[in-house]
Amino acid sequence: MSGAGDVLEVRDLKVYYYTLTGVVKAVDEVSLNVKEAEVLGIAGESGCGKSTLGYALLGLIPPPGRIAGGSVVLDGTDLTKLSEGELRKIRWSKVSMIFQGAMNVLNPVYTVGHQMSEPLIIHKGYTQKEALNVVSEALKQVGLNPEIVKRYPHELSGGMKQRVVIAMALLLKPKLVIADEPTTALDVVIQAQIINLLKKIKQEEKTSMIFITHDLSLISEIADKVAVMYAGKIAEVGPSEEIFYNPQHPYTQGLLKSIPRLRSKEKITWIPGVPPDLRRPPPGCRFYPRCPYAMDICRREEPKPIKVGDQHYVACWLHAKS
Ligand code: SF4
């Protein structure tokens, strides 16, 4: 699945939460890669592990969670081997995150200019004046008037705040930006503007991105490649067109059938049941209690990724050659 030109290579990553009631295997043996200027969309239902995976890539898993195994190689460095101090130097400069809900990210008591200058002063040693010049340019790049450096977050609209958060994530020109549900809580017009902005940034800056969302229709707008997660594992990964027009995993097929389409006469359906408790996931395929095609082997043995097309892999026994 990996190859030359990879900015990020994740191998067999495990993120477990050690709770009093058991070990929650939130991300379990996940492998994926992202190339330069590529957007990888990560999709799945709430609780499938997609946000945990994003936080793990930045070394931001809060206790009682921790990375229990595997590697995260960013631009040649395995982030799982770094100390907290070393990780702090890499955050913002090599990998940054556009967090869910801009209001929770921006500090209400500081002006936009003050909080945006901080990473430049800390990481680059800029003076306040030099930092503010860079901030002004960054704000222009995301379509905002640089005058807002003097404003406080509560004086901005939701869309403006989200643009500020995007500008912050790009300030130090990181290799990889992780966008975690960046358009949640925004209306559809602003959503479209933010998606177009991210596309423009990808083209102009050649930034690699991981776009995490439960909304497959948004992913189809921006992603070059899609990984579908279910219960902490990758069910299917492949080029966007393959995933949207030729999905091979029963879970991906179920997700796509649950999206309303304007021109389609196909009935909208949903996937019955709920995802498993990740303290006690089912043995074998984690999707079998909900899968319409479940076979005996699915209950017993876990399916490993099988190549079904160019860069297209699916973890499902239906595709195993006997
Ligand atoms: Fe369904 Fe079996 Fe494939 Fe799992 S491995 S998705 S249960 S057919």
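Each ligand, and each atom within it, is numbered from 1 in the order the structure gives.
Applying the side-chain contact (heavy atoms from CB on, under 4.5 Å) criterion to D296, with sequence neighbours excluded, gives R299, R300. Take D215 and apply the side chain to side chain donor-acceptor pair (under 3.5 Å) test, not counting sequence neighbours, and it matches S217.
Remark: side-chain polar atoms of R91 are paired, donor with acceptor, to backbone N or O of L58 under 3.5 angstrom.
Relative to the ring axis of Y18, R66 places its NZ or CZ within 45° and under 6.0 Å from the centre.
Looking at H312 and E236, their side chains do bring a donor and an acceptor atom within 3.5 Å of each other.
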Ignoring hydrogens and angles, write down the donor-acceptor pairs under 3.5 Å from the side chains of residues 44-53, residues two or more places apart or on other chains.
| unit_1 | atom_1 | unit_2 | atom_2 | d |
| --- | --- | --- | --- | --- |
| E45 | OE1 | Y251 | OH | 2.9 |
| E45 | OE1 | R290 | NH1 | 3.1 |
| E45 | OE2 | R290 | NH2 | 3.3 |
| K50 | NZ | G44 | O | 3.1 |
| K50 | NZ | E45 | O | 3.4 |
| S51 | OG | D180 | OD1 | 3.0 |
| S51 | OG | D180 | OD2 | 3.3 |

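The number of protein N, O or S atoms lying under 2.8 Å from atom 4 (Fe) of ligand 1 is 1.
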